[in-house]
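What follows is a set of notes on a single structure, which appears directly below.
Lettering follows sequence order; numbering is per chain, from 1. Note that this is a predicted model, so its numbers are computed, not measured.
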Amino acid sequence: MRRFDTPVLENRELSRDYRRIEVEWPGDAGTPAPGAFLTVGVSGTTDPLLRRPFAFSGYDPREGRAAFIFQIRGPATRLLSERRPGTVLDVLGPLGSGFPDPAPGSLPVLVGGGIGLGPLVFAAREFRLRAAAGGWEAPVLVLGFRTADQVPALDLPEGSVLCTDDGSAGFRGTAVEAAERAAAGGRYGPDAPPVFYACGPAPMMAALDRRAASLGASYWAAVEQWMACGVGACLGCAVRLKDGSFARACAEGPVFDGTSIDWGAM
Amino acid sequence: MRRFDTPVLENRELSRDYRRIEVEWPGDAGTPAPGAFLTVGVSGTTDPLLRRPFAFSGYDPREGRAAFIFQIRGPATRLLSERRPGTVLDVLGPLGSGFPDPAPGSLPVLVGGGIGLGPLVFAAREFRLRAAAGGWEAPVLVLGFRTADQVPALDLPEGSVLCTDDGSAGFRGTAVEAAERAAAGGRYGPDAPPVFYACGPAPMMAALDRRAASLGASYWAAVEQWMACGVGACLGCAVRLKDGSFARACAEGPVFDGTSIDWGAM
Amino acid sequence: MNPDLSVRIGNLVLPNPVGVASGTFGYGSEYESLMDVDALGALYTKAVTPEPRPGNEVPRIVETPSGMLNSIGLANPGLEAFVRDKLPELRRRRCPVLVNVAGASEDDYLRVLERLEPEDGISGYEINVSCPNVSHGGLAFGTDPALVERLTARLKRSLRSARPLIVKLSPNVTDIAEIARAAESGGADAVSCINTLVGMVIDVDRRRPRLARGTGGLSGPAIRPVGVACAFRVSRAVAIPVVGIGGILEARDALEYLLAGARAVQVGTGNFRDPGTAARVLEGIRDWMVRNGASRMEDIPGMLDA
Amino acid sequence: MNPDLSVRIGNLVLPNPVGVASGTFGYGSEYESLMDVDALGALYTKAVTPEPRPGNEVPRIVETPSGMLNSIGLANPGLEAFVRDKLPELRRRRCPVLVNVAGASEDDYLRVLERLEPEDGISGYEINVSCPNVSHGGLAFGTDPALVERLTARLKRSLRSARPLIVKLSPNVTDIAEIARAAESGGADAVSCINTLVGMVIDVDRRRPRLARGTGGLSGPAIRPVGVACAFRVSRAVAIPVVGIGGILEARDALEYLLAGARAVQVGTGNFRDPGTAARVLEGIRDWMVRNGASRMEDIPGMLDA
Ligand SMILES: Cc1cc2nc3c(=O)[nH]c(=O)nc-3n(C[C@H](O)[C@H](O)[C@H](O)COP(=O)(O)OP(=O)(O)OC[C@H]3O[C@@H](n4cnc5c(N)ncnc54)[C@H](O)[C@@H]3O)c2cc1C
Ligand SMILES: Cc1cc2nc3c(=O)[nH]c(=O)nc-3n(C[C@H](O)[C@H](O)[C@H](O)COP(=O)(O)OP(=O)(O)OC[C@H]3O[C@@H](n4cnc5c(N)ncnc54)[C@H](O)[C@@H]3O)c2cc1C
Ligand SMILES: Cc1cc2nc3c(=O)[nH]c(=O)nc-3n(C[C@H](O)[C@H](O)[C@H](O)COP(=O)(O)O)c2cc1C
Ligand SMILES: Cc1cc2nc3c(=O)[nH]c(=O)nc-3n(C[C@H](O)[C@H](O)[C@H](O)COP(=O)(O)O)c2cc1C
Ligand code: FES
Ligand code: FES
């Protein structure tokens, strides 16, 4: 974990809604992992005031480059969208826990919706690369969008499933439905039980929680919660667990065993 | 007086300290005059919050272009310095009173220091163009700077006098000294009394006030005062007059009969 | 569906909920060429005091993070000059004009109201008991519930005016709800909140306060969360209408106040940033009402899920 | 000239005037890898209460113009777990550690202090009578001068501690100087100000407050002018040192407090924006002192031309 100013290498539009920023990532700054995040100082003035968290969407240790994918939602992401390559970005990271590896023999099904797509694109690439070594199945990546013009221009791993609410691109329906189908289509059974990895909007997570429960499947969820410090100091990013306690999304998370989270309180 | 969004045509560095922005100025927005100003909304976020006032440094009615010269001093001017041509600027103007014409037979001596240079460059051009018609002498423009690297790359009218505190460019000494010399060098006397036009930092204005008093010369001063509304509504920009009353820099000013101002209270 | 935007305060019906705040809009004519002043829900004038006041020494304003401090000091031409020089043009307005009144004593307030009561062209009064920028009166009144109640009751009783009397509350108190209840007990037709917060900026290079008077009043978006919290608390403490003020730049800002319980709002510092603010805010409120199925202003407070 | 940056508070000498504010720095280790925690002038812990507190429902934070609201709700592991799990690592710090203490009753405060008094590794106490985010105690104490005086006196008398006791003041009062004087009369060694302002943000799309608890505490640059005005007034009302807090991001912000009369400062929300803030602020204060010929911290307040 370090705070540093680093050059923006690329700031590219991926679709109507998404952009991708790639920055130089020095080797001694720590290793970005899928599910982990960085925070970005976006402004030289006092509004926006706080740093903004973004999950890593990729990391290339040889080239020394890390990336994140973001959606323009408000003032900070608007300012970020205007950052030109060559200017420097105020970055703090890597922060938070990453996705744990799939168990040997399991089929990782990665489900991303909305701004959750970045970490799952990253995880899909990683899990694929290390599938043989780790002994798990080749992962299936499922990404859900509202409409075709949201779908980002990204090289997705082979076998990825796209879906849109209106069927304008890929599979028509929700990412959770598609993920369940993908899990069933795999060698679903005692020797390749599915394990879901998910990040997305609250309704998607709630749907997945129900489906995972009825399948008896385990799943890892990267949660989003308003953050102030990003390093575990302010207790702002609390996530309610089913046992009634709170955990910090930035420190114990953002990746949690999905079944431990009280989604109703999110 | 209108508020409108207008394209930036040019944003050029004039020297280490000064930049010039030129914008499209529609004919129906009113006529910028030397001494008058516009206010600029600089930010889409709430910091900086208020519009910033800048004096016109030029206006070309045929081309529909108006300009101002500014110095990077704080957050708003820093943001302005990054505005690229083609983007739009939120502009409100023209505001305030301009410099009155010189009396027939008089010698206008225009003295500018620091950020006061814009309106005087503008006035010099105008008074020169209209000297024959108005019956006054060709104006003398005197601009003062600290050092040579502050001197802006501008086409100044013939006969202009530059001075620097350290003599690194032009005349060594203050703009007020140079202005007094220029006035004396003119046909100074009953048939061509000098009239000063001035805008600059407080010490310069105080010096001019003393010199004008001892010469018995009249002078017009464009004052600077913190402004919130720029249109006369908030009473924030009050200027103390010698009679003890207050006037609004944005409405009764920014140009005042210099001898009426209580410079000690500024 | 075209929502009904009118708002009733006492006997007065405002055509729409978006007014402009005292001290930020002069007497209206200053903004004449920049927007349609007559389309405002209400125009609150700069404070009027019995005697002319030159105002405080300069500098009087300084910008702060997402806000500004002012120490104008109730500068105004005084009651007689107001009636003579400002009222004629105000009288020609087609929007409601509410005169903001200030003073150093109860008598001062009463004197201004008694003089204005017979004059046409005034829709109501806003009693400024909350100005932080004067040494006597102003804020002192506004922090003591007993004084607020007594002043309000005296003004209501002596005047027996058909025009509504709005008491403008200060946030610089321990319990703004208590002051609001005092105004209500005194007979106020509405309360408006908030006036500015006491603040100070120091120039560390020159080692002196930025404002000649030292402290000033903080306004702008920086204080909006404070204003919304006040409007929320006050609207639960009194039955009379609440007018929300503080940091409104956009329709969503105004809607925060309306959902918090305010019946109308005023735009202050926002006018400085964009003279079109009030019109834009009104348009956005209308759109929101259509989208959210609110047909009258009174519907909005009940729509908050709190 | 190398200025002397030390600051005395009661018997305690802080190595420099720049501390980090309670609730914004956890227990120090969170920032370990990002900056030199041991170089801080003081580390004020998150509030400690007798019993463990889970804190308020989520969301607990929301950004506002140049500020933020929090309603953490004094979440902390409780006195025993603090002593067991947090104190050992705090004890190893080379910077002064001051424990921020909160409670719902006088007895609560006393209980925490009595338990902590025999423990090593604590340099002082900051009594939080000003938290707006809990239903009992907290803010209630902080708004009543009689309660503040009584609480302070009781803690001083019962404890007879050599460690300084700092009372942390709320800006949500009519007269903060009066509360400060009450703390001084009660025997406080210093007062710190300000805690957060009560604020509220409403999500107008979902029509509910952004914070689960409705209101929260406003911090950050937005409130700096309020904090500086409070420090100015309080430092003129009491003879004990004042610790300035609120919206400090840069050395010049801290210098506003110091010129206003504060003897030391705390960085809160600024840590979230840049963990290097405290170090940067300290460096800038040192430079300013050299440039302006101040050789000791006590010189600075007298340098204000007000
Ligand atoms: C651990 C983590 C990882 C994230 N990763 C990504 C990512 O990879 N790509 C991406 O685009 N975004 C990501 N986000 C969200 C991102 O931080 C916000 O979109 C961003 O802060 C918005 O800033 P803004 O000023 O543009 O908009 P704001 O005006 O701050 O917010 C716009 C709207 O977005 C929502 N929002 C913003 N921040 C949060 C939050 N922290 N929690 C819940 N809702 C929020 C709110 O509804 C708000 O109204 C992540 C958030 C967290 C906590
Ligand atoms: C009528 C008028 C005409 C002006 N014309 C020009 C111009 O032609 N070119 C130009 O460069 N500037 C001009 N200014 C000043 C210009 O408005 C400020 O430099 C600008 O607002 C600074 O904004 P900022 O955010 O960059 O800096 P800020 O941080 O706002 O200010 C930086 C410093 O500049 C000084 N300052 C800023 N604004 C004022 C003010 N209104 N009065 C006195 N001191 C101030 C203060 O010392 C402050 O610390 C004019 C001001 C007025 C009132
Ligand atoms: C320059 C200025 C002058 C003001 N003068 C007055 C006044 O005369 N009477 C009054 O009641 N309020 C006065 N106010 C307070 C505003 O009416 C309003 O309550 C406050 O600014 C908060 O709203 P805002 O954040 O939208 O500006 C003044 C505010 C400003 C900024
Ligand atoms: C997230 C958060 C938690 C806080 N928790 C506490 C606390 O436990 N005890 C306390 O006295 N103050 C607490 N505060 C208040 C700060 O210590 C400080 O007084 C306030 O934030 C103003 O300073 P700032 O503007 O620099 O943040 C908290 C502030 C924040 C932002
Ligand atoms: S964001 Fe501060 S504890 Fe997680
Ligand atoms: S700036 Fe508002 S009156 Fe001049």
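Within 6.0 Å of CZ in Arg207(D) there are more than 12 heavy atoms belonging to other residues, nucleotides or ligands. For Arg252(D), the CZ atom sits in a loose shell: 12 or fewer heavy atoms of surrounding residues, nucleotides or ligands are nearer than 6.0 Å.
Thr174(C) and Thr143(D) are not linked by any side-chain donor-acceptor pair at a separation below 3.5 angstrom, with hydrogens and angles left out of the test.
Heavy-atom pairs under 4.5 Å with chain C were tallied for Pro171(D), Ala231(D), Gly199(D), Ala212(D); the largest tally goes to Gly199(D). For the set Leu258(D), Ile202(D), Asp253(D), Ile300(D), the entry with the most heavy-atom pairs within less than 4.5 Å of chain C is Ile202(D). For chain C, the option among Asp203(D), Ile223(D), Asp205(D), Ile176(D) with the highest count of heavy-atom pairs below 4.5 Å is Asp205(D). Chain C forms the most heavy-atom pairs under 4.5 Å with one residue out of Arg233(D), Arg206(D), Met303(D), and that residue is Met303(D).
Pro65(D) is listed as a side-chain neighbour of Arg224(C), based on a closest heavy-atom distance under 4.5 Å.
In this structure, chain C has a heavy atom under 4.5 Å from the side chain of Leu69(D), while its backbone stays farther away. For a residue to count as touching a neighbouring chain, one of its non-hydrogen atoms must lie under 4.5 Å from one of that chain's; by this rule Asn292(D) touches chain C with backbone and side chain alike.
Listed here is the closest heavy atom pair of Ala260(D) and Arg236(D): O-NH1, 3.0 Å.
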